[in-house]
Amino acid sequence: MDFQAVNDDNISILLNDLLEIYGYDFNEYSKASLKRRINRLFTLDKFPSFAEMRYTVRTNPEYLKRFIEEITVNVTEMFRDPSFYRVLRETVLPTLGTYPFIRIWHAGCSTGEEVYSMAILLQEANLFHKSLLYATDINPGVLERASKGLFPLSHMKGHSEKYIQSGGKKDFSSYYSANYDLAKFNSELSSKMIFSTHNLVSDHSFNEFQLIICRNVLIYFDKDLQAKVFKLFEQSLDNLGYLALGSKETLRFSSVAPNFKQLGKEKIWRKMA
Amino acid sequence: MSAAKGLVIIGGSAGSLDAIIQLLAGLKNRHVPPIIIVLHRKTGDDSTLAELLSIKSPVPVKEADEKDPIRSDTIYIAPADYHLLVEQDHTISLDYSEKINYSRPSIDISFQTAAEAYGKSLTAILLSGANADGTEGLKAVKACGGRVIIQNPATAEVAYMPQHALEKAGADLVLNANEIPMVI
Ligand SMILES: C[S@@+](CC[C@H](N)C(=O)[O-])C[C@H]1O[C@@H](n2cnc3c(N)ncnc32)[C@H](O)[C@@H]1O
């Protein structure tokens with residue numbers, strides 16, 4: 001059943017093109033979201049036909065960048081789910097603080113709001129000096145924005161409320177300076193961030209971490225791909241390292257689950273073996 | 001009026017909670033097809049809606065998790081702040097993309113994806129609300145051969161949303177909340 005311009009067959013054709021020409025494999029993404037995003041882009045960019053869209057994707061690498069950025073979902077927030085950040089503050093960071101060095105991986109970090117939130121937590125826990133934040137995403141465009149530390153000023157009120165709910169005690173505005181309609185975060189915060197493209201579908205483990213945060217990325221993957229990514233995370237975690245997922249994601253049904261222990265009801269698991 | 005088969009999906013906004021409670025109570029203890037409820041609410045309401053409805057409903061209620069298989073005799077509630085999509089393989093996906101019509105979850109997205117996945121065997125029900133959400137979704141349901149039911153705007157707590165849908169998409173049935181259980 002199809003009421004949309006770009007139908008299921010068209011989508012398989014496009015996905016094959018992306019894999020063959022560019023090495024991007026979206027075949028194991030959840031279909032309904034992908035189809036909606038592709039149709040949204042088809043309308044947005046006013047393609048006269050599917051053939052035209054396909055031709056543009058195949059032949060125009062500049063457009064490909066836009067295509068990948070638009071069919072993935074990049075929406076993010078600072079201190080999203082404040083209770084999650086509260087547990088990081090109260091349980092996870094005090095444990096990590098006993099280590100000489102803390103390496104954190106934000107997989108699928110989008111425009112970086114989550115990474116800056118983490119940097120603020122680390123500063124407030126006095127652990128910043130011995131931490132490194134690796135922030136990766138499939139999209140180079142969002143990483144470029146993340147590395148600048150510039151966010152819309154209009155979002156700061158909402159971020160500030162969540163910061164306080166997460167247990168933040170400082171004046172949130174002390175972390176940025178207002179510049180027209182943008183908030184520029186203190187460059188000290190980004191001094192410990194390393195931004196790099198990394199595709200969870202095809203790239204390998206690149207380091208060992210004490211904490212991996214991958215939130216609202218796996219909801220876009222099918223079960224098989226989720227299983228592969230969980231293996232990748234397991235390989236990339238130190239023993240007793242933590243894995244944090246989004247509020248609607250779970251490790252429970254995966255084959256690596258027996259090697260992890262969940263922290264109460266939170267979407268945080270600790271590697272035990 | 002025939003009972004629904006396949007999937008029943010219900011969308012509601014302002015003023016729809018009472019209608020949903022009435023509707024669920026009317027199901028009594030009989031077997032029902034899977035039911036998905038997509039309700040706008042203030043962010044931060046968390047899982048309280050699923051808890052509230054499970055107290056009021058004779059049929060088991062759960063907040064939808066990503067990849068949940070869609071099964072009969074179960075009521076799935078779209079979680080706050082995620083869009084709920086129905087996959088062709090009759091599982092649920094969640095999505096954290098932009099708000100649509102100022103809403104996440106968006107009724108349109110759930111209706112559209114359910115229409116594609118269930119075609120003729122979908123029943124979509126739109127209830128009270130002050131928003132234009134749902135109308136585009138109901139058009140898709142029609143285009144895929146599904147059945148469209150709209151709450152009677154005259155008896156809905158907030159008429160705007162059902163009225164808007166009735167004018168722009170049309171309905172197979174226009175019913176009061178207490179009549180809806182008869183067609184599920
Ligand atoms: C909804 S955002 C989540 C941002 C942030 N983690 C949060 O929860 O607010 C999803 C991100 O995953 C990224 N992504 C999608 N597929 C990916 C892949 N195969 N490898 C790495 N990142 C991916 C997208 O580019 C996007 O930035």
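When reading the values below, keep in mind they use all heavy atoms of this one structure, side chains included, and skip hydrogens, waters and symmetry mates.
Only the side chain of A:Glu77 comes within contact range of chain B, with heavy atoms under 4.5 Å apart. Both the backbone and the side chain of A:Ser247 come within contact range of chain B, with heavy atoms under 4.5 Å apart. Only the side chain of A:Val73 comes within contact range of chain B, judged by heavy atoms closer than 4.5 Å. Only the side chain of B:Thr113 comes within contact range of chain A, with heavy atoms under 4.5 Å apart.
A:Phe84 carries A:Arg215 over the face of its six-membered ring, with the cationic atom under 6.0 Å from the centre and within 45° of the normal. Relative to the six-membered ring of B:Tyr96, A:Arg80 meets both conditions, a distance below 6.0 Å and an angle of at most 45° to the axis.
A salt bridge links B:Glu63 to A:Lys248: at least one charged side-chain nitrogen sits closer than 4.0 Å to a carboxylate oxygen.
With chain A as partner, the option from B:Lys139, B:His83, B:Glu87 having the largest number of non-hydrogen pairs under 4.5 angstrom is B:Glu87.
Residue B:Phe111 forms a side chain to side chain contact (heavy atoms under 4.5 Å, CB included) with just one option from B:Val38, B:Val148, B:Leu126, and that option is B:Leu126.
Between A:Phe172 and A:Phe79, the angle of the ring planes goes over 60°, which puts this pair in the perpendicular group of the 30/60° scheme.
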